[in-house]
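Report on the structure given below.
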Amino acid sequence: MAEKPKIAIYGLGACAGCDQAIIDLNEVMLQVADAVDIVLWPLAMDFKYSRIQAMQDGEIALSILSGSVRNADHQKMAELLRKKSKIVLAMGACACFGGVSGLANFCGKEDIFNWVYRNAPTVINPTGCFPQPETDLNGYKLTLPEFFEHVFTLDQVIDVDYYLPGCPPPPELIGNAIVATLAGDLPPKGSALAPRKALCDTCPRNLRKPNRMEIRSFRRIHEVEADPDECFLAAGIICLGPATRSGCGETCIRINVPCRGCFGPVPGVMESAPKFLSTLSSLLVVERDDEIKEAIDSIDDPVGYLYRFSQPSSILGQKIAKKGLEN
Amino acid sequence: MTAKTITIDPVTRLEGHGKIEIFLNDHGDVEDAFWQVSELRGFERFCLGRPAEEMTRIAPNICGICPSAHHMAASKALDDLYDVEPTPTAILIRQLEFNAFYIEDHYIHFFFLAAPDFVAGPDADPAERNILGVIHKLGKDIGARIIDVRRKNREIIKLVFSKAPHPEGGLPGGVSRGITSEERKWIKEIADDSVAFAQFAMDMFKDLVLHNPKNLDLMLNDAYRLKTCYMSLVDENDKVSFYDGMVKVIDPDGAEILRFAPRDYIEHIGEWVELWTYIKMCHLKKIGWKGLVEGQGTSLYRVAPLARLNVASGMATPLAQKEYEQMFETLGGKPAHHTLAMHWARLICALQAAEHNQMIASDPLLTSKDIRNMNLHLKHIGVGCVEAPRGTLFHHYETDDRGLLTKVNLIVATQNNAAPISLSIKKAAKEFIRQGDIREGLLNRIEMALRAYDPCLSCATHALPGQMPMMVNIRNTDGQVIHTLGRT
Amino acid sequence: MEAYNPKVVCFSCNFGWGYLNNEETLGATILNWIPVACSGKIDTHHILKAFKAGADGVLILGCPEGHCHFQDGNYQTRKKVCLIQKVLGAFGIEPERLDMEMAIDPEGKKIPQLIARMKNDLAKLGPVKRI
Ligand code: SF4
Ligand code: SF4
């Protein structure tokens with residue numbers, strides 16, 4: 001009997017939501033578990049690091065990595081799995097674009113530390129200390145990994161073969177991705193294993209989108225009782241649909257909340273934020289300068305919408321990590 | 001003087017998520033042990049400037065294991081921030097979703113993480129100690145039932161809040177989507193199934209633990225007892241409550257020492273900062289930080305399933321109440337300090353959630369269209385609190401006049417348990433490691449103390465919780481690894 | 001310490017700015033000047049990439065209201081610029097570092113002057129404190 005293909009599933013700076021989405025494959029997961037040899041999946045089974053290290057380069061058929069890269073430990077693990085795997089799939093918004101925790105790039109590490117360990121109202125810290133990379137406690141040496149100043153996407157640290165966007169990606173797409181990889185039925189390297197349309201093109205509300213949208217001012221979702229069939233954007237409610245890739249199943253739209261862009265940019269576009277920004281400004285119909293200012297002022301926190309999942313991969317936010325930490 | 005260090009690094013030496021350090025003396029006995037949490041993300045800071053109502057969409061990303069808890073705490077903080085009472089239907093829908101979440105969450109913990117130790121036994125081949133091993137032992141039919149109940153309850157979450165791993169749709173004063181009468185039928189079926197499954201799981205637990213002297217011994221073992229205070233939400237009848245209530249605290253002898261509205265949490269909860277871990281250690285502010293000590297006078301409290309049952313005077317639903325009585329009878333009265341009894345209490349909580357959803361499914365108001373109260377008045381400060389599966393969870397927001405966040409403070413469930421977890425591990429380590437004997441099965445027994453808490457490091461940091469693979473390095477005083485132990 | 005010499009990237013519309021002058025001779029005297037067919041052709045990512053590439057300021061020169069050769073490219077860009085200004089701050093880039101002037105200057109003589117003026121203002125701001 002031919003050896004079963006080996007698969008590794010691993011979360012770096014992740015929230016485990018991606019793992020939950022894999023478990024949501026339900027019975028399909030059991031079939032997958034039969035057809036392949038899962039060599040690594042900390043959420044569900046035991047493994048030994050040395051076993052991975054002892055493997056041949058390229059011995060793992062597929063590594064599914066979720067999460068962003070926030071510290072040296074993440075980077076080391078990503079580098080190791082890259083070496084041992086034929087194909088690396090970046091799974092989820094965090095690995096693909098940085099994800100929600102990438103918003104941390106908008107505030108410094110010092111600011112975070114000061115709040116968390118000193119200024120938060122519940123903190124009791126008479127000496128004003130911070131957790132330390134190394135502590136000597138009655139002769140015992142305790143260490144903590146230090147984190148990077150910056151949150152990185154996976155492809156800023158290692159070479160990535162395919163992307164599977166979403167926060168988390170829906171189980172159907174995960175299943176398809178695994179099947180396609182094992183069958184060798186794959187698009188060109190660097191592709192996202194997701195539909196190519198924009199969300200607006202698959203959105204049920206598109207039917208009621210006016211031909212020429214005209215927005216004069218913006219409203220926030222809690223201020224309105226949104227019509228369950230009307231296009232959010234046409235009603236002046238920020239919806240990232242025009243600049244976001246489809247494939248999520250319009251799950252948010254269906255419960256009557258607008259899109260926040262977890263599927264990332266549409267194909268051919270490097271980043272969704274500039275595209276959405278251009279779309280948004282073109283929909284504004286206001287004439288005079290002061291009116292423009294007023295309309296734009298009615299968007300509270302545009303940054304929080306535009307970069308909700310993508311700060312680390314954005315034109316202005318991206319940085320390239322130093323490679324080769326392992327050696 | 002310390003001769004050896006044992007590091008139990010749950011996700012290998014390379015993973016920075018959390019680890020256990022055990023220090024041995026020259027005789028090979030345990031001198032001290034520490035549980036370290038090694039990550040931090042800073043949600044409280046990068047949310048600043050964001051519109052407050054977006055918190056129901058941002059906070060669930062803190063953790064993919066208990067996203068519904070963060071979503072709900074955020075929704076309730078928004079209610080408070082906008083000084084609005086959700087409509088009765090909105091409250092029913094939220095509770096429906098929250099119960100469904102409790103059910104799937106508690107079972108994933110029990111079957112994926114806890115059961116392997118009891119089904120296969122703590123000394124079994126580690127390769128058998130996982131969910132596949134459990135299914136293998138108990139049969140594929142049972143495996144299918146486990147998958148089925150989890151799927152169905154997650155479908156309820158998806159129906160009302162978009163997707164289970166990251167729910168959306170909570171708004172101040174209500175929810176974004178109502179429930180139709182067809183959906184009600186389907187929900188009712190799921191609730192009925194869940195109650196049946198809950199009873200089945202309960203019987204299975206009793207078979208595995210109560211009727212198996214070895215496992216029973218383990219649960220009652222002194223190594224797994226820790227005398228602390230306990231905290232939980234209780235309803236107006238002093239019963240276990242998940243969605244809402246007053247925060248009640250009892251001392252290690254069971255006497256009520258505090259009962260406060262969540263809004264006043266700052267007066268009562270303190271977070272102590274240690275140099276050697278990124279997690280802050282919660283304690284009762286009025287007693288003050290006394291260090292990692294148990295017993296009468298300690299300021300440490302525990303949360304999560306066992307705490308809920310210890311604190312409340314009973315369960316809110318009839319079947320769960322019966323189980324509650326049996327549990328305390330077996331454990332010898334209240335409060336029970338047996339850390340491993342958390343598994344039992346967890347199953348009882350899941351039963352209450354299922355029973356409650358049966359009631360909600362029959363409530364005529366569930367399908368009303370009145371899902372939002374739009375009468376919002378921004379009052380610049382809001383605190384939301386739920387009893388999350390892993391314990392009491394607080395979200396505290398402050399905003400400017402436009403409702404943009406200026407201050408965010410979160411007390412997450414696992415943080416409440418941080419100091420007790422450290423203590424439990426030390427206690428178990430002292431009991432099980434003697435004279436340098438560090439067999440795999442013994443290390444697993446130590447890890448079981450940690451696992452009972454179902455610590456959700458994603459919340460406090462962002463680690464993967466779970467059946468944590470272990471790697472143990474034994475080092476000499478120079479820090480050199482002289483021997484490596486691990487699960488194969 | 002070396003004196004701070006701010007770098008300005010200037011995009012300008014061919015139809016309103018410097019069209020009577022030879023592009024090459026004018027271009028030789030102006031650093032980082034990018035004439036385009038219409039200010040409406042300047043997309044958001046061009047502006048962001050200029051900052052990414054190290055610009056201290058970006059200046060956009062478009063036609064006055066109602067004078068666009070392509071209906072309303074200048075007006076579209078005006079709105080875009082206002083919106084981008086609101087986003088830049090989060091990345092540590094002050095909104096003043098992006099500016100738009102709407103006028104006509106067939107000889108293009110004002111282009112170097114406007115750039116000089118912007119440099120002057122930028123010198124007061126100092127280098128970009130990027131996050
Ligand atoms: S992409 Fe979403 S679900 Fe996946 S790890 Fe990141 S936050 Fe969690
Ligand atoms: S903008 Fe949003 S609501 Fe409108 S069609 Fe696009 S995705 Fe649908």
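Just so we're on the same page: letters track the sequence lines, and every chain starts at 1.
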Quick check for you: among [options], which has the greatest number of heavy-atom pairs under 4.5 Å with chain A?
{"options": "B/Val160, B/Ile58, B/Ile411, B/Leu376", "result": "B/Ile58"}
{"options": "B/Met374, B/Arg177, B/Lys158, B/Glu271", "result": "B/Glu271"}
{"options": "B/Cys282, B/Gly270, B/Ala52", "result": "B/Gly270"}
{"options": "B/Ile371, B/Asp148, B/Val408", "result": "B/Val408"}
{"options": "B/Met281, B/Lys280, B/Glu44", "result": "B/Lys280"}

Under the salt bridge (Lys or Arg N to Asp or Glu O under 4.0 Å) rule, what pairs show up with a residue in residues 162-171 of chain B, not counting sequence neighbours? B/Arg57-B/Glu168, B/Lys163-B/Glu168
One thing to verify: whether [Y] and [X] come together as a salt bridge, which I'm taking to mean a side-chain N less than 4.0 angstrom from a carboxylate O.
{"X": "A/Glu225", "Y": "B/Arg372", "value": "no"}
{"X": "B/Arg402", "Y": "A/Asp300", "value": "yes"}
{"X": "A/Asp24", "Y": "B/Arg150", "value": "yes"}
{"X": "B/Glu104", "Y": "B/Arg151", "value": "no"}

Just how far is it from atom [atom1] of [X] to atom [atom2] of [Y], taken to the nearest 0.5 Å?
{"X": "B/Leu275", "Y": "A/Cys129", "atom1": "CG", "atom2": "SG", "answer": "4.5 Å"}
{"X": "B/Ile279", "Y": "B/Trp35", "atom1": "CD1", "atom2": "CH2", "answer": "4.5 Å"}
{"X": "A/Cys107", "Y": "B/Leu48", "atom1": "SG", "atom2": "CG", "answer": "7.5 Å"}

Distance to the ring centre below 6.0 angstrom and angle to the axis at most 45 degrees; does that hold for A/Arg205 and A/Phe232? yes
Taking side chain as everything from C-beta outward and backbone as N, CA, C, O, which of these in [X] sits under 4.5 Å from a heavy atom of chain A? Side chain, backbone, both or neither.
{"X": "B/Arg154", "result": "side chain"}
{"X": "B/Val175", "result": "neither"}
{"X": "B/Lys407", "result": "side chain"}
{"X": "B/Leu171", "result": "side chain"}
{"X": "B/Pro172", "result": "side chain"}
{"X": "B/Asp32", "result": "both"}
{"X": "B/Leu159", "result": "backbone"}

Do A/Leu80 and A/Ile52 have side chains that approach each other closer than 4.5 Å (heavy atoms only, starting at C-beta)? yes
Are the side chains of A/Pro169 and A/Cys18 in contact, using a 4.5 Å heavy-atom criterion? yes
Go through A/Leu25 and A/Gln31 one step at a time and tell me if the side-chain contact (heavy atoms from CB on, under 4.5 Å) criterion holds. CA-CA 10 Å; A/Leu25 283 168; A/Gln31 286 163 21; over 6 Å; no
Chain B interface, residue from [options] that has the most non-hydrogen pairs under 4.5 Å:
{"options": "A/Thr127, A/Val303, A/Leu142", "result": "A/Leu142"}
{"options": "A/Arg118, A/Glu27, A/Arg220", "result": "A/Arg220"}
{"options": "A/Ala120, A/Pro228, A/Cys252, A/Gly304", "result": "A/Cys252"}
{"options": "A/Thr135, A/Thr122, A/Ile112", "result": "A/Thr122"}
{"options": "A/Val151, A/Val116, A/Asn119, A/Asp301", "result": "A/Asp301"}
{"options": "A/Asn125, A/Asn256, A/Val100", "result": "A/Val100"}

For the NZ atom on A/Lys84, are there more than 12 heavy atoms of other groups (residues, nucleotides or ligands in this structure) within a distance under 6.0 Å? yes
Heavy-atom distances under 4.5 Å only: say whether [X] touches chain B with side chain, backbone, both or neither.
{"X": "A/Glu250", "result": "neither"}
{"X": "A/Thr251", "result": "both"}
{"X": "A/Arg308", "result": "side chain"}
{"X": "A/Pro258", "result": "both"}
{"X": "A/Glu223", "result": "backbone"}
{"X": "A/Ile253", "result": "neither"}

Ring pair (Phe, Tyr, Trp, His ring centres under 6.0 Å) filter on B/Trp289, not counting sequence neighbours, yields B/Trp272, B/His283
